[in-house]
Amino acid sequence: MDDSTNATGKNWWQRLTGGLRRTSASISGAIADLVTKRKLDEATIEELEEVLIRADLGIDTAGRVAAAIAEGRYNKTVTEDEVKDILATEVEKILAPVAAPLTIAPDAHPFVILVVGVNGSGKTTTIGKLAARLAREGRKVTLVAGDTFRAAATEQLKIWSQRTGASIVAGTQGADAAGLAYTGLEQAREQGADVLIVDTAGRLQNKAGLMSELDKIVRVMKKLDTTAPHAVLLVLDATVGQNAISQVTEFQKTAGVTGLVMTKLDGTARGGILVALAAKYRLPVHFIGVGEGVDDLAPFAARDFARAIAGLN
Amino acid sequence: MFDNLSEKLSGILDRLTGRGALSAADVDAASREVRRALLEADVALEVVRGFVEKLRERAVGVEIIKSVKPGQMVVKIVHDELVAMLGANAEPIDLNAPAPVPIMMVGLQGSGKTTTTAKIAKRLTEQMRRKVLMASLDTRRPAAMEQLAVLGQQVGVDTLPIVAGQSPVQIARRAIEAGRFGGYDAVLLDTAGRITLDEAMMAEAADVERAANPHEVLLVADALTGQDAVNLARAFNERVGLTGIVLTRVDGDGRGGAALSMRAVTGKPIKLIGTGEKMDALEDFHPARIADRILGMGDIVSLVERAAATIDAEKTARTAERMRKGAFDLNDLREQLGQMQRMGGIGGLMGMLPGIAKMKNQLATANVNENMLKHQVAIIDSMTPKERRNPDILKASRKKRIAAGSGTKVEEINKLLKMHRTMADMMKAIGSGKRGPLAGLANMMGLGGGGMPSPEEMAKLAEKMPGGLPGGGAPGLPPAMPGLPPQLPGGLPGLGGKLPGGLPGLGGFPGFGKKK
């Protein structure tokens, strides 16, 4: 229960680069291996593409970035730093349009944030961190423990509400999540909360029954406020591979996802799927989770992310 | 997007006719597609490389059998190689050690460790009659220990009482002691989810491993994991020494390439797979099925099994008997529709059929969706018993009432009645045939050639001849789709093509019981 201990002192940039170290290390190590030894010929570019594939960029995005790197430099001898720079620039080009903070519109009372994702992607923890961040900004936050399926999910969110001082609306396990969301919105209105964050049970995007439950949550909240939910965040685990594409497609269809949060970017080589998603969907990426501490939810910055992936600082 | 390796390879290789064997150039062309397919299935690059090399060695010079297309030939070789790499036999959890047998669960955060722990405990308790104790060593995530306690109550397995402030090693020791004194056969240790980079956490896992000396160390890993699967498996194997892998979220629509990656880098068997949120959704690992999935070939065996598990044999027999007599009324239709829904609806069935990606979109535009089933059931539910038995009495005013009651339109009711009519007529025709209800039915279903394959035959077909089922040639099952409009593309034999609502397919599987 000592989530905050490793949050001391370091700023989020250090945490990000620390978190992405493995990614960068493996990529830049591989780049150094390829490029210092020979010039930029076809074989080298193919290997460069494979390096990107290994970072989960996906075969198409990796191919495109590799092609961009080759453009105009074919058969030239290129130094390691040059390749890193080009790599960072190309990745940044894709990511820059999607880096957007989560703006809490002032005219919504409360501003309703619905948090969705597959099981184990880190929704509840993200909500905890987000609540802490919003509370620090002086907003009054109410949480809805809408994950009524997973054992002890409500308890987990309660602990977060105590830590962050947010009030919480919770039901019993197995309770109707849509009903809870409705009650939560009612209560948040009465108590004059600024932001309402609704947790949902993790669900795989190919389960039609569970997805229609999610649809119901959205529908029911619209009865009280036709503009709700004002933001729908899809939480993606950074270890996820190409299935993230299917996740975005399906959750967008059902819940109208407005933005992405990528969690657990603090493990081994990973995170590249975000580049593929940015290229394909252009959905804003609001935050990245770079650690387990309460403060380890950083706004997404394209340049930093791209440079961290390329192994530059 | 990639949809079916078999189709792609056909495009490349099937132009080569009249050649006796696969040349190096043919195989190179095919290898590129195989590589792409594997990468899109999230198989780790280093594993893909080794695999493609092996494939080249095996495939060059292979004689092309006359009746098989070169593309299918290569798919078959790829499939066989995948199965070989995934491990030919399912290995169960080994409890062959002095009691209490410690079993340690490790894995990343959110991989499903706690849920899997409870599922395994339930399995050991119910299927192997062991007395099991579970203990959560997760002192970090809020409410993790409570989660295991709640799950323990759900599955009826004891959990170690929570003592605040203890370290994971202390809890592990206490659990094993409690296991010894309490006469337990196995003690499951659910460790904290960790991040491989985090040296302190890995060290903690290693400490627990030393203290508990577990007989099994199972890595719980998400089937949706990307390229990172190799790093993850390698790191855990190096630090704590794995004995097996449990793959979770196999019920998702991921291709599951992580399974191959982890198996390849650790050499450790995949022992179990998690296939759902329910506590009994834990199954033995079948390499051939995952191989099919990685190749995007659907999972016909699972479909057959699910059908077998869902269909109430007795009711089906009764319906079949009524069909034979030509007394197929709306109650029977209701029953069939209900079975469809229990099998996961149209979406659930389609997802398991190979080569279905394109079909799905066409289905969506043709307005065939889950709601259709629901509406049809609602319509029948809004009828009086008399109407259900004798739909002929349904005139305009009754239809209006039913439409209002079921929230549908009169046209929908007419459509349903027409569907029922066609089916009932067909039943009658079959019933009057000489060879009994089922033989005739099979021929009418457009199954071509040999009538209804037995479940054994189907399983064999699916396991052995992946190349033999290109483009969605799922035998037999597709007829079980009610109300698919006939204008759908004929890619799937029997799907809506000949029967407007080929429901009798369900009743038409004789002896569909246990086949495993």
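Computed from heavy atoms alone, side chains included, the values below leave out hydrogens, waters and symmetry copies. So you know, we letter chains A, B, ... as the sequences are listed, proteins then strands, and number each from 1.
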| message | Please identify which of these residues, A:E155, A:Q173, A:R150, meets the side chain to side chain contact (heavy atoms under 4.5 Å, CB included) condition with B:V150. | response |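 With B:V150 as partner, A:E155, A:Q173, A:R150 yield a single side chain to side chain contact (heavy atoms under 4.5 Å, CB included), made by A:Q173.
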| field | B:R49/A:E50 salt bridge by N-O under 4.0 Å criterion | value |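 Yes, A:E50 and B:R49 are salt-bridged.
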| Would you call A:K264-B:D228 a salt bridge at under 4.0 Å N-O? |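 Here A:K264 does not pair with B:D228 in a salt bridge, since their nearest N and O are not under 4.0 Å apart.
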| field | Heavy-atom check, side chain of A:L204 versus side chain of B:D253, under 4.5 Å | value |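 Side-chain contact under 4.5 Å: no.
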| If you measure only the distance, is there a donor-acceptor pair under 3.5 Å linking the side chains of B:Q109 and A:D237? |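 Judged by distance alone, the side chains do not pair up.
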Value rounded to 0.5 Å, distance of [atom1] in [X] from [atom2] in [Y]:
{"X": "A:N243", "Y": "B:R255", "atom1": "CG", "atom2": "CZ", "value": "10.0 Å"}
{"X": "A:I53", "Y": "B:D42", "atom1": "CD1", "atom2": "CG", "value": "11.5 Å"}
{"X": "B:E146", "Y": "A:T154", "atom1": "CD", "atom2": "OG1", "value": "12.0 Å"}
{"X": "A:R54", "Y": "B:Q227", "atom1": "CZ", "atom2": "CD", "value": "8.0 Å"}

In terms of heavy-atom proximity below 4.5 Å to chain B, should [X] be classed as side chain, backbone, both, or neither?
{"X": "A:K207", "value": "side chain"}
{"X": "A:I59", "value": "side chain"}
{"X": "A:L157", "value": "neither"}
{"X": "A:E250", "value": "neither"}

| query | Which of the residues B:R35, B:Q154, B:E46, B:M145 is involved in the greatest number of heavy-atom pairs with chain A at under 4.5 angstrom? | reply |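 The residue among B:R35, B:Q154, B:E46, B:M145 with the greatest pair count is B:R35.
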| In terms of heavy-atom pairs under 4.5 Å, which option from B:G226, B:S111, B:G112 contacts chain A the most? |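 Sorted descending by pairs with chain A, the first entry is B:G226.
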Interchain contact, [X] with chain A, by part (heavy-atom threshold 4.5 Å):
{"X": "B:D222", "value": "neither"}
{"X": "B:L39", "value": "both"}
{"X": "B:R234", "value": "neither"}
{"X": "B:Q153", "value": "neither"}

| query | Yes or no on side chain to side chain contact (heavy atoms under 4.5 Å, CB included) for A:V240 and B:T225, after CA distance, side-chain angles and deciding distance? | reply | CA-CA 4 Å; A:V240 74; B:T225 310; over 6 Å; no
| query | What heavy-atom pair brings B:E277 and A:G202 nearest, and what distance separates the two atoms? | reply |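 Scanning both residues, the minimum pair turns out to be OE2-O, 3.3 Å.
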